[in-house]
Amino acid sequence: MVKAQIRTEDLKLWFGENQVLKAVNIEIHRKLITAMIGPSGCGKSTLLRCFNRMNDLIPETRIKGKVMVDEENIYHPKANVTEIRTRVGMVFQKPNPFPKSIFKNVAYGVTIQGKLNKSETQDRVEKSLRDAWLWDEVKDRLHESAFSLSGGQQQRLCIARALANNPEVLLLDEPTSALDPQSTARIEELCLELKSRVTILIVTHNIAQAGRISDYAAFMYLGELVEFGETSKVFTVPQDKRTEAYLTGVFG
Amino acid sequence: MSKRKLTNHLGIGIIILTFLITVVFLIVFILRIFYKGYSVLSWEFLFSSPKEAMTAGGIYPAIVGTFWLTALSIALALPMGIMTAIYLKCFGRPWWFVKTVRIAINTLAGIPSIIYGLFGMAVFVNLLKLDVSLISGALTLAILALPVIINASEEALRQVPNEFREASLALGATERQTILKVLVPTALPNILTGAILAIGRVAGETAPIMFTAATFYTRILPKSLSDEVMALPYHIYALMTEGTNSAKQVPIAYGSALVLMILALAISAIAIYIRFQIRKKRKW
Amino acid sequence: MNSYKEKLFKVVTYTASMFTIVLLFGIIVSIFREGIPLFRVVSLKDFLGGLAWYPTHENPQFGIRTLLAGSVYVTLGALMVAIPLGLGSAIFVSEIARPRLRELAKPVIELLAGIPSVVYGLFGMAFLAPLIREWFNLDTGLNIFTSSIILGIMIVPIIASMSEDAISNVPKALREASYALGGTKWETIAKVVVPSAKSGIIGSVLLGFGRAIGETMVVLMVAGGSAQMPKSLFQSVRPMTSTIAAEMGETVVGDLHYRSLFAIAIVLFGITFLSNLITELVFLKRR
């Protein structure tokens with residue numbers, strides 16, 4: 001039996017006095033797509049940001065419980081945060097390329113680690129751009145500013161940039177909410193392609209999107225993990241009334 | 001109703017009048033300097049030394065002196081200023097330390113420039129025995145420029161969107177790598193704009209260099225950091241208040257003032273133009 | 001390995017920030033160290049209240065009341081010129097001027113703020129002072145009146161630029177509310193816009209005050225330089241800054257005259273420090 005890629009044990013999180021996550025226990029399966037759904041403010045993005053410790057950046061955050069990535073607690077006091085973030089990549093809601101060239105954006109992760117030489121870096125950049133289905137569109141203008149790309153291309157650039165670190169997990173925080181339907185469709189297809197390589201967690205507002213691409217779905221409500229299971233089951237025979245209400249559009 | 005209308009016209013009229021007075025005065029001022037200064041301006045004036053106890057000749061040593069004073073002081077203040085801004089903006093803890101530093105910066109920014117001059121004289125010239133020299137003056141001016149550069153750099157760093165920081169950290173970069181590879185490069189054009197504005201200010205200062213660097217009259221150019229230098233602003237002052245032949249000195253003062261004003265205005269204009277371009281082009 | 005570099009980087013930037021505090025202390029300590037010994041010889045009361053400033057006399061006297069008065073008169077005069085002109089120009093630029101003029105005015109104001117003060121001093125000395133002398137039939141044009149005008153014009157850009165920021169930051173909704181209630185343009189400006197921008201405007205005036213009282217070159221060149229209690233606007237005075245600038249060259253390091261000039265610097269520092277503090281408090285209140 002393959003162990004879960006990510007597992008939380010009674011994960012609780014506070015922003016100041018405000019408890020945002022209430023004893024979350026979840027197991028994320030390897031090389032599958034897990035979608036996290038729920039109304040705004042339910043804590044799904046916060047949970048996602050626990051998996052690469054991005055919540056550390058928010059002042060007055062308090063965390064209890066464990067987050068195990070490959071059976072290693074990433075909240076252990078001696079955990080190496082930058083190493084965790086290299087293994088667990090993240091793509092944000094709004095495309096956020098650096099104000100640098102396309103090449104330098106993708107090469108950023110390996111450049112700061114300084115482990116690859118120049119030609120290896122070039123190979124890595126090309127591979128990542130191919131994996132993100134962007135290579136053909138940008139191969140002739142790698143040294144132009146990343147801002148010359150369209151929104152959808154920028155988001156795929158951000159995916160390529162994350163992939164260049166060879167992550168085991170890719171966290172996607174509402175990656176298509178700022179994009180048009182066509183770009184959205186392309187990114188969804190891309191996710192399905194990538195799951196053979198990486199474990200994908202996607203936070204989405206879009207229930208249909210979760211239904212289209214995810215293998216597992218987690219429904220969160222008011223900081224609680226209400227329901228978690230195979231997407232087909234969660235969507236057709238939800239066990240909890242709140243899940244059903246959300247899926248049928250009673251709230252959210 | 002008509003009374004309100006009258007008040008309205010009167011009020012607006014007064015406001016327009018104040019604006020016009022300001023504009024007219026400034027135009028008279030600038031035209032006067034240009035007109036009087038232009039009549040003595042020539043290549044020879046710019047590139048020769050003063051002669052006959054400053055009643056003839058050019059201002060070359062003063063231009064060179066001002067250049068070195070300004071360049072050195074900015075070279076000293078810029079790295080200090082950027083590093084301070086980085087700490088305040090990016091680390092920002094503990095809060096009492098940051099608060100104290102902010103108070104110190106604001107206080108420094110408000111200190112009259114003559115006090116900087118006294119400080120420079122007491123510490124660099126007398127205590128450290130650097131004498132009246134290029135280096136004493138540059139150090140004094142660097143302190144004067146420091147608050148300006150810190151504030152500009154911090155503002156520039158503040159304008160960098162937080163998403164860039166998050167993106168970099170999420171890719172496994174450390175705080176230092178994020179600052180040096182993403183935040184500072186992104187903010188750099190704006191930081192430099194601030195630095196250029198500081199250059200404009202430093203180049204025109206007189207009081208801080210009076211007792212630390214400036215000499216009245218020399219025909220030679222500075223050869224080392226420990227030489228006294230002539231400087232344009234001090235030269236203007238000296239021409240107006242010292243010496244005996246004011247009929248010959250005043251035109252030279254106007255010429256020097258024109259050169260100084262053009263330098264200061266050109267430097268500021270470059271900074272303002274660069275900033276305008278950055279704002280126009282910026283996509284984030 | 002990496003964490004060592006991280007720490008080093010943090011320590012280096014921390015040290016740089018610490019340096020600003022050290023500098024401020026250094027400045028305070030150095031002017032006090034040089035200035036305070038004066039009070040072993042001259043009492044504080046005689047220093048602040050004495051009318052006679054004869055530092056190089058056989059029997060020297062160090063009363064700075066006339067110098068203080070000179071600073072205060074010239075500064076108040078400058079503010080009386082600069083507040084109406086600066087505030088009026090700011091209102092004009094942000095409320096009345098067309099957008100194109102407004103876009104032009106902002107950078108021009110900023111440019112003007114960059115003109116060196118010695119150039120203003122030259123203009124006052126060589127152009128305005130002779131005119132004033134002729135118009136008012138005076139012995140000298142180097143007096144409170146002339147220096148107030150020059151100094152005032154010099155700080156107009158400071159007051160205008162900061163007030164303009166404050167005024168254009170007033171939300172549009174407030175103006176619209178006033179117009180919708182039938183207010184005229186003037187009423188909107190005077191009763192809604194300016195009061196809403198009050199703290200920014202006060203801040204700009206305080207900043208202008210600090211600049212004016214600390215300015216050296218203009219008063220050194222244009223105020224005339226006699227240490228006397230002025231009886232009219234057209235008499236010459238010797239503000240504190242110009243006293244320091246004019247006399248420091250004649251002193252010997254460590255003598256009483258030298259110390260007295262540093263003591264003046266302490267007074268000057270105290271005044272600007274206070275005005276800074278008040279500015280901070282004004283802005284603190286706004287938040």
Side-chain angles (χ1 to χ4, degrees), chain B residues 4 7-8 11-12 14-16 18-19 21-22 25-26 29 32-33 80 83-84 86-88 91 100-101 104-108 110-115 118-119 122-123 126 143 146 174-176 200-201 204 206-207 210-211 233 236-237 240-241 250 253-254 257 260-261 264-265 268-269 272, chain C residues 2 5-6 9-10 12-14 16-17 19-21 23-24 26-27 30-31 34 84-85 88-89 91-92 96 107 110-112 114-119 121-123 125-127 153 156 184-187 189-190 210 214 216-217 221 241 244-245 248-249 253 262 265 268-269 272-273 276 280:
Chain B
R4 281 177 62 199
T7 322
N8 184 39
I12 305 267
I14 289 173
I15 287 177
I16 295 175
T18 61
F19 180 73
I21 293 174
T22 311
F25 199 102
L26 287 167
F29 165 57
R32 174 80 183 179
I33 303 286
M80 274 320 259
M83 286 194 291
T84 305
I86 286 175
Y87 191 86
L88 295 183
F91 296 114
T100 317
V101 173
I105 294 166
N106 286 341
T107 311
L108 284 173
I111 293 179
S113 55
I114 184 83
I115 295 187
L118 290 188
F119 171 74
V123 172
N126 295 336
I143 297 172
L146 192 60
T174 63
E175 197 75 41
R176 173 184 58 94
R201 166 130 193 246
T206 319
M210 270 180 152
F211 322 117
I236 297 166
Y237 165 69
M240 292 305 290
T241 54
V250 171
Y254 268 114
L260 181 63
M261 195 164 83
L265 288 182
S268 307
I272 293 168
Chain C
N2 243 356
K5 277 191 192 163
E6 295 299 311
F9 181 69
K10 198 168 171 181
V12 167
T13 54
Y14 181 86
S17 341
F19 184 65
T20 57
I21 303 176
L23 257 182
L24 180 62
I27 290 174
S30 73
I31 59 172
E34 306 287 337
L85 294 187
S89 303
I91 295 173
F92 177 81
I96 298 171
E110 216 173 333
L111 271 183
L112 290 171
I115 296 179
S117 59
V118 69
V119 179
L122 165 69
F123 176 75
M125 205 172 170
F127 178 75
I153 289 292
V156 162
T184 62
K185 184 146 206 161
W186 171 249
E187 285 159 353
I189 291 170
T216 309
M217 298 320 290
M221 293 167 84
T241 48
I244 300 174
M248 192 47 94
V253 176
F262 274 93
L268 198 56
F269 177 82
T272 49
F273 185 79
N276 242 345
E280 294 254 318

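Convention: sequence-line order gives letters A, B, ...; per-chain numbering from 1.
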Worksheet item: Based on non-hydrogen pairs under 4.5 Å, which of C:Ile96, C:Ile31, C:Leu23, C:Thr241 is most in contact with chain B?
Response: C:Leu23
Worksheet item: For chain C, which of B:Met210, B:Arg32, B:Glu175 has the most heavy-atom pairs under 4.5 Å?
Response: B:Arg32
Fill in: Contact origin within C:Phe273 toward chain B - heavy atom pairs under 4.5 Å
side chain
Practice prompt. Write down the atom of B:Pro112, the atom of C:Leu268, and the distance for their closest heavy-atom approach.
Written response: CG-CG, 4.0 Å
Worksheet item: Hey, does B:Phe25 have a side-chain heavy atom less than 4.5 Å from the side chain of C:Val156?
Response: no
Worksheet item: Out of curiosity, B:Leu265 CG to C:Leu111 CG, how far, rounded to the nearest 0.5 Å?
Response: 6.0 Å
Worksheet item: Rounded to the nearest 0.5 Å, what separation is found between the CZ atom of B:Arg201 and the CD1 atom of C:Ile115?
Response: 14.5 Å
Discussion item. Working note: C:Thr216 + B:Thr206, criterion side chain to side chain contact (heavy atoms under 4.5 Å, CB included); need CA distance, chi angles, decisive distance, verdict.
Written reply: CA-CA 9 Å; C:Thr216 309; B:Thr206 319; over 6 Å; no
Response to the item:
If you tally heavy-atom pairs under 4.5 Å between each of B:Asn126, B:Val123, B:Val250, B:Ile14 and chain C, the highest tally belongs to B:Asn126
Discussion item. Please give me the minimum heavy-atom distance between B:Ala207 and C:Met217, naming the atom from each residue.
Written reply: N-SD, 4.1 Å
Worksheet item: Nearest heavy-atom pair of C:Phe262 and B:Ala122: which atoms, and what distance?
Response: CZ-CB, 4.0 Å
Worksheet item: Which pair of heavy atoms, one from C:Gly114 and one from B:Ala264, lies closest together, and at what distance?
Response: O-CB, 3.7 Å
Practice prompt. Could you check if a side-chain atom of B:Ile12 sits within less than 4.5 angstrom of a side-chain atom of C:Thr184, using non-hydrogen atoms only?
Written response: no
Practice prompt. Anything under 30° is parallel, anything over 60° is perpendicular, the rest tilted; go ahead and classify B:Tyr87 against C:Tyr14.
Written response: perpendicular
Worksheet item: How long is the span from the CD1 atom in B:Ile143 to the OG1 atom in C:Thr20, to the nearest 0.5 Å?
Response: 11.5 Å
Worksheet entry | Minimal non-hydrogen separation, B:Ala257 against C:Leu122, with atom names | CB-CD2, 3.2 Å
Discussion item. Looking at every heavy atom in both B:Phe211 and C:Ile244, which two are closest together, and how far apart are they?
Written reply: CZ-O, 3.9 Å
Item to complete: Count the heavy-atom pairs under 4.5 Å between each of B:Ile86, B:Leu118, B:Ile236 and chain C, then report the option with the highest count.
Response: B:Leu118
Practice prompt. Under 4.5 Å, counting heavy-atom pairs only, tell me which of B:Ile33, B:Leu88, B:Thr241 racks up the most with chain C.
Written response: B:Ile33
Discussion item. Given heavy-atom pairs under 4.5 angstrom as the criterion, report whether the side chain, backbone, both or neither of B:Phe29 touches chain C.
Written reply: both
Discussion item. Can you tell me which of C:Thr272, C:Ile91, C:Leu85, C:Ile189 forms the most heavy-atom pairs within a distance under 4.5 Å of chain B?
Written reply: C:Leu85
Item to complete: Look at the side chain of C:Glu187 and the backbone N and O of B:Asn8, then say whether any donor-acceptor pair between them is shorter than 3.5 Å.
Response: no
Worksheet item: Roughly how far, to the nearest 0.5 Å, is OG1 of B:Thr22 from CD1 of C:Ile153?
Response: 6.0 Å
Worksheet item: Who wins among C:Ser89, C:Ala190, C:Gly214 for the most heavy-atom pairs under 4.5 Å with chain B?
Response: C:Ser89
Fill in: B:Thr7 and C:Trp186, any side-chain heavy atoms less than 4.5 Å apart
yes
Worksheet entry | Separation between CG of C:Leu112 and CG of B:Leu26, rounded to the nearest 0.5 Å | 5.0 Å
Fill in: Side-chain (C:Asn276) to main-chain (B:Asn106) donor-acceptor, under 3.5 angstrom
yes
Practice prompt. Side chain from CB out, backbone as N, CA, C, O: work out which of these in B:Ile114 comes under 4.5 Å of a heavy atom of chain C, or both, or neither.
Written response: both
Worksheet item: Quick one: what part of B:Tyr237 sits under 4.5 Å from any heavy atom of chain C, side chain, backbone, both or neither?
Response: both
